[in-house]
Enquirer: 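Structure in structure tokens, see below.
It should be emphasised that the depicted structure is a prediction, and the values quoted were computed from it without experimental measurement.
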Amino acid sequence: MLLPRWWELGDPCAWTGQGRGTRRMSPATTGTFLLTVYTIFCKVHSDRNVYPSAGVLFVHVLEREYFKGEFPPYPKPGEISNDPITFNTNLMGYPDRPGWLRYIQRTPYSDGVLYGSPTAENVGKPTIIEITAYNRRTFETARHNLIINIMSAEDFPLPYQAEFFIKNMNVEEMLASEVLGDFLGAVKNVWQPERLNAINITSALDRGGRVPLPINDLKEGVYVMVGADVPFSSCLREVENPQNQLRCSQEMEPVITCDKKFRTQFYIDWCKISLVDKTKQVSTYQEVIRGEGILPDGGEYKPPSDSLKSRDYYTDFLITLAVPSAVALVLFLILAYIMCCRREGVIQLVHHSAIQKSTKELRDMSKNREIAWPLSTLPVFHPVTGEIIPPLHTDSYDSTNMPLMQTQQNLPHQTQIPQQQTTGKWYP
């Protein structure tokens, strides 16, 4: 029966006589309101207990509808709340879940699923899982506790186990009760056991598979392990014959007579099927013999007490600085002796100094040499105007840069001399 929401029953502050109003509720409305508040209170603070069996697949669905009513403000009457909700699950007191328990939620608008196969080591030990729901629109949280009480199975483990790889399913699709029931029904028709249980379900991504491309509705694939109490049927044994093994090695599909019983809904990769007979397995446990290389058990670790003596690190500090400094000083002295005190080094320095001194003297001599000026550079009179023509070079002219042969230049006061042409004619 659906219970009415509290905002549809009236103002809750009116029932207490506090807040916005002082109205009174009818007895029927008051009783319904108390029942509704009690239901919400129990949903928020109560723990849920589940009792799975060891060695049998455990599936627990985290329904979004279960947590929607715990995120105020509630929607108005007639509106449908579809807030994105995600879940975080961990073992109480620890940051992660137990090793046998997995969790998956594909999108914030889908339900989360806890699944796994409990182990015999956890039988009788309550496992408390903290479930925190996050409302991604209002950023509010709600927390529940799931108490897993693992029970011991009567025939655990089942002696005959078969693992199938289904290519056209994702793990959350396979965990649905209807789909898993259909698969177990198909296996039961092929195997014909008296007892048949789903032991574990594993995504192909957890086995090293690749994420499929988002084309042609490709699926990740899922491994489903089932157990039974009777030996494998002849149909399941067909995958072990040499012809099918050869086809599998050539990446071809084997010929299985019972494949049509699965093909209508499940596409099974028969080359990846695994058949395990627990009755023929020999225990490989070997007792550890203590000898060389194995340390004796020293008991629990005992940390040192707080009353430790203080230690003086001044000597260690001096040694740390003194030793590198002494080594650096010795290397400096050796380098100085090689560069300055050895005979070959002195001779090289004197030779270099003599070359530098000679070069300097040659440069000074080239600047101070005196050369007689040519007659063409002395002051002369212009033959036409009678003006004094200055010399070509001044007294401050650097004679070291004087060319050996002077080139003739047509000065403005210089009379041009007629030149004889090859044709025999004279031109001024």
Side-chain angles (χ1 to χ4, degrees), residues 52-53 55-64 86-87 89 97 99-118 158 160-193 195-228 232-233 235-236 238-239 244 247-248 251-276:
S53 300
V56 180
L57 179 65
F58 165 72
V59 179
H60 180 77
V61 180
L62 305 180
E63 299 179 355
R64 296 174 62 254
T86 59
F87 301 94
T89 59
R97 298 174 298 275
W100 60 269
L101 188 62
R102 296 187 180 94
Y103 167 75
I104 187 172
Q105 183 184 15
R106 189 66 65 176
T107 64
Y109 296 94
S110 60
D111 296 336
V113 182
L114 286 170
Y115 67 100
S117 181
L158 292 173
Y160 302 96
Q161 299 178 2
E163 187 178 54
F164 299 86
F165 178 64
I166 305 174
K167 298 184 292 184
N168 64 326
M169 287 287 176
N170 291 332
V171 62
E172 70 274 8
E173 298 173 349
M174 196 67 197
L175 289 172
S177 58
E178 299 83 2
V179 179
L180 184 59
D182 294 342
F183 178 76
L184 293 179
V187 174
K188 190 172 184 179
N189 292 334
V190 173
W191 201 339
Q192 298 295 331
R195 288 181 53 86
L196 180 68
N197 291 330
I199 298 177
N200 200 1
I201 292 180
T202 308
S203 173
L205 300 182
D206 297 334
R207 298 284 188 90
R210 291 187 175 184
V211 178
L213 296 175
I215 56 176
N216 299 331
D217 196 22
L218 296 178
K219 303 294 184 178
E220 299 172 357
V222 60
Y223 290 88
V224 181
M225 178 176 287
V226 297
F232 304 108
S233 63
C235 175
L236 298 178
E238 290 179 0
V239 73
N244 287 330
R247 296 178 65 90
C248 289
E251 298 184 357
M252 300 174 61
E253 293 187 3
V255 179
I256 307 297
T257 57
C258 58
D259 180 58
K260 58 184 179 181
K261 296 183 178 180
F262 297 91
R263 185 66 65 174
T264 56
Q265 189 176 359
F266 307 99
Y267 291 89
I268 298 178
D269 189 349
W270 292 99
C271 292
K272 294 184 179 180
I273 190 174
S274 176
L275 305 178
V276 179

Enquirer: For Ile199, give me all partners under side-chain contact (heavy atoms from CB on, under 4.5 Å), at least two apart in sequence or on another chain.
Expert: Ser117, Gln161, Met225
Enquirer: Holding to ring pair (Phe, Tyr, Trp, His ring centres under 6.0 Å), I want the full list of residues that pass it with Tyr115, two or more places apart in sequence or in another chain.
Expert: none
Enquirer: Considering only residues two or more places apart or on different chains, which pairs with a residue in residues 200-222 satisfy ring-ring contact (aromatic ring centres under 6.0 Å, His included)?
Expert: none
Enquirer: What residues form a ring pair (Phe, Tyr, Trp, His ring centres under 6.0 Å) with Trp191, not counting sequence neighbours?
Expert: Phe232
Enquirer: For residues 198-208, which residue pairs qualify under salt bridge (charged side-chain N to carboxylate O under 4.0 Å, His left out), counting only residues two or more places apart or in two chains?
Expert: Arg102-Asp206, Glu163-Arg207
Enquirer: What residues form a side chain to side chain donor-acceptor pair (under 3.5 Å) with Thr89, not counting sequence neighbours?
Expert: Arg97
Enquirer: Applying salt bridge (charged side-chain N to carboxylate O under 4.0 Å, His left out), which residue pairs with at least one partner in residues 251-262 are found, sequence neighbours left out?
Expert: Asp259-Arg263
Enquirer: Going by the rule side chain to side chain donor-acceptor pair (under 3.5 Å), which residues pair with Thr107 if we only count those two or more places apart in sequence or in a different chain?
Expert: Ser110
Enquirer: Scan for salt bridge (charged side-chain N to carboxylate O under 4.0 Å, His left out) pairs involving residues 166-179, sequence neighbours excluded, and state none if there are none.
Expert: Arg106-Glu172, Glu173-Lys219
Enquirer: Thr257: what forms a side chain to side chain donor-acceptor pair (under 3.5 Å) with it, not counting sequence neighbours?
Expert: Glu238
Enquirer: Using the test side-chain contact (heavy atoms from CB on, under 4.5 Å), find all partners of Val255 that sit at least two apart in sequence or belong to another chain.
Expert: Asn244, Arg247
Enquirer: Which pairs, with at least one residue in residues 180-190 and sequence neighbours excluded, count as a side chain to side chain donor-acceptor pair (under 3.5 Å)?
Expert: none
